[in-house]
Amino acid sequence: DLGNPAYAGYLALDDATKSGSVNRSYELMNQQQMQEVIRERGDSPEAREEGWHRGLNLLQRLAANARYFTDSASKVTQDVSQGDAIAGNCIDFYGRTFQEKLENQGKVSRLRWIAPEGGTSLSADPIAVLRGAPHLEIAQAFVTFCLSPEGQALWDQKAGTPGGPRHTSPRRLPIRRDLYTPPYLAYFADAEAMPYEDASGLVYQRELTSAAFSAIAAVFRAMCMDPHDELKDAWRAVQLPSSGSATTEAERVLFDTSHVSYARVMKEVAPLLGKKDPLASSREIARISATFRANYLRAAKIAREGGRP
């Protein structure tokens, strides 16, 4: 929905290279498209490629509609709540806690956090005791408490409820399944969220995109952020009524992602980034960015000339 050109200039997006959770959301967008094609046609290299390109094209449309890319997660929620942006991307507890903050100030919240149906995957945050911890017994006791019913309930209980937090709820979903029962849900801030029962989510498949996780952030920057001005200009140009019959060709050039195919990213780009060779990585990403910039300039030219020779 947010790829609709009506949103041009009104979206607030996060920088995938500055946040692992944000990059995960972009990865999930790609994987959702891949899974949809695989369900339709069966799993094959061709199906994976088509889904991958659909995912990249979706990210291009979102970026073309974006006002900016921020490295501050709170800026997106703040701008949307103030009406400076129509929508943006953030992880659940950022959106939910900011919505609650506004409501606690006696305001009608302009902010609503939405889990996209069919594209939302749940994952757990880890907890551990560092090797050589100077206060091992206390550290172990803290981990035990965090995993106990009392500790887990704190993550989503409403502030001021019995056994709950004093001021604000962290709005994080507990991992203990036995907490999703009436005695606990009565005090939960997100009692409607039932992660163990909701079948509308996305089942993450590591084999599809996990190896390309870091590469997705790098490709996103090269495809959407570095040539952002050219991307936005081309996006505007293909919407012009005067582009006429050239629109199809302009869009084909605009959304050409063949140089970052699924096979190439998995076999070449991801392994290159994994070698931790900054110079080689920078050169490759610069080449990718230059190709996208050239495509966007060409797409804008085709659209504005309206198919004239």
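Residue numbers run from 1 in the order of the sequence given.
- A 6.0 Å sphere centred on CG of Leu154 holds more than 12 heavy atoms belonging to other residues, nucleotides or ligands.
- Ile175 and Phe145 are members of different hydrophobic clusters when ILVMFWY side chains are connected at heavy-atom separations under 4.5 Å.
- No donor-acceptor pair closer than 3.5 Å links the side chain of Glu284 to the backbone N or O of Val269.
- For the atom pair OG (Ser21) and CG (Asp125), the distance works out to 9.5 Å, reported to the nearest 0.5 Å.
- Counting only heavy atoms from C-beta outward, the side chains of Phe292 and Asp226 never approach each other to under 4.5 Å.
- Cluster annotation: Tyr184 and Tyr180 are assigned to the same hydrophobic cluster (Ile/Leu/Val/Met/Phe/Trp/Tyr, side-chain heavy-atom contacts under 4.5 Å, transitive).
- Atom OH of Tyr94 is surrounded by 12 or fewer heavy atoms from other residues, nucleotides or ligands within 6.0 Å.
- Both Val143 and Leu136 are part of a single hydrophobic cluster, where members link through side-chain heavy atoms under 4.5 Å apart.
- With hydrogens and angles ignored, the 3.5 Å screen pairs a side-chain donor or acceptor of Asn89 with a backbone N or O of Asp14.
- Side chain of Glu230 to main chain of Leu297: no donor-acceptor pair is present (N/O by atom type, distance under 3.5 Å, no hydrogens or angles).
- Without hydrogens or angle criteria, Arg236 side chain to Ala8 main chain gives no donor-acceptor distance under 3.5 Å.
- Residues Arg96 and Ala193 come closest through the heavy atom pair NH2-CB, 4.2 Å.
- Other residues, nucleotides and ligands contribute only 12 or fewer heavy atoms inside 6.0 Å of the CD atom of Glu137.
- Residues Phe255 and His53 keep their aromatic ring centres 6.0 Å or farther apart.
- With values rounded to the nearest 0.5 angstrom, Glu249 atom CD is found 12.0 Å from Glu305 atom CD.
- Note that SG of Cys224 and CG of Leu13 are 8.5 Å apart. Values are rounded to the nearest 0.5 Å.
- In this view, Glu46 satisfies the salt bridge (Lys or Arg N to Asp or Glu O under 4.0 Å) rule with no residue, not counting sequence neighbours.
- Surrounding CG of Asp178 are more than 12 heavy atoms belonging to other residues, nucleotides or ligands, all under 6.0 Å away.
- A cation-pi contact, defined as under 6.0 Å to the ring centre and within 45° of the axis, links Arg24 to Tyr204.
- The heavy-atom pair separating His259 from Asp256 by the smallest distance is CE1-O, 3.8 Å.
- For the pair Arg171 and Asp190, the salt-bridge criterion is met [side-chain N within less than 4.0 Å of a carboxylate O].
- The shortest side-chain heavy-atom distance between Ile91 and Trp113 does not fall under the 4.5 Å cut-off.
- Between Phe69 and His228, the two ring planes are perpendicular [angle over 60°; tilted spans 30° to 60°].
- Within the 3.5 Å criterion, the main-chain N or O of Lys232 finds no donor-acceptor partner in the side chain of Tyr296.
- With contacts defined as side-chain heavy-atom distances shorter than 4.5 Å, the pair Met34/Trp52 qualifies.
- Remark: the backbone N or O of Gln78 is paired with a side-chain donor or acceptor of Ser81 at under 3.5 angstrom.
- Remark: Glu117 CD is loosely packed, at most 12 non-hydrogen atoms of other residues, nucleotides or ligands lying under 6.0 Å away.
- Panel note: side chain Ser281, backbone Asp277; a donor-acceptor pair is recorded below 3.5 Å.
- The shortest non-hydrogen separation linking Pro227 to Met223 is CG-O, 3.6 Å.
- Here the straight-line distance linking atom CG of Asn23 with atom OG1 of Thr17 works out to 8.5 Å at 0.5 Å rounding.
- Under the 4.5 Å side-chain heavy-atom criterion for ILVMFWY residues, no single connected hydrophobic cluster contains both Val219 and Phe213.
- The heavy-atom pair separating Ala218 from Ile285 by the smallest distance is CB-CD1, 3.6 Å.
- With a 6.0 Å radius and a threshold of 12 heavy atoms from other residues, nucleotides or ligands, Trp155 has its CH2 atom at or below the threshold.
- The side-chain heavy atoms of Ile138 and Phe142, taken from C-beta on, include no pair separated by under 4.5 Å.
- Ser169 contributes a side-chain N or O that, together with a main-chain N or O of Gln157, makes up a donor-acceptor pair within less than 3.5 Å.
- Using a 4.0 Å cut-off between charged side-chain N and carboxylate O, Asp84 and Lys75 make no salt bridge.
- Between the side chain of Tyr262 and the backbone N or O of Leu208 there is at least one donor-acceptor pair closer than 3.5 Å.
- Taking each heavy atom of Ala211 and Ala270 in turn, the nearest pair found is O-CB, 3.5 Å.
- Residues Ile288 and Met225 share a hydrophobic cluster, clusters being chains of Ile/Leu/Val/Met/Phe/Trp/Tyr side chains in contact below 4.5 Å.
- Using modelled atom types and a 3.5 Å distance limit, the side chains of Asn57 and Gln60 yield a donor-acceptor pair.
- Summarising the geometry, atom CG belonging to Leu28 is positioned 9.0 Å from atom CD1 belonging to Ile216; distances are rounded to the nearest 0.5 Å.
- A side-chain donor-acceptor contact under 3.5 Å links Asn65 to the backbone of Asn4.
- Taking both residues in full, the closest heavy atoms of Tyr26 and Leu59 are given as CD2-CD2, 3.7 Å, listed atom of the first, atom of the second, then distance.
- Thr120 contributes atom OG1, which lies 10.0 Å from atom CD1 of Ile114 (distance to the nearest 0.5 angstrom).
- More than 12 heavy atoms of other shown residues, nucleotides or ligands fall within 6.0 angstrom of atom CZ in Arg176.
- Side-chain contact between Pro170 and Phe93: absent, with no pair of heavy atoms (C-beta onward) separated by less than 4.5 Å.
- Using a 4.5 Å cut-off on side-chain heavy atoms (C-beta onward), Leu58 and Arg54 make no contact.
- At most 12 non-hydrogen atoms from other residues, nucleotides or ligands lie less than 6.0 angstrom from OH of Tyr7.
- Taking a cutoff of 4.0 Å between a charged side-chain nitrogen and a carboxylate oxygen, Arg221 and Asp15 qualify as a salt bridge.
- Taking the side chain as every heavy atom from C-beta outward, Gln152 and Leu147 approach each other to under 4.5 Å.
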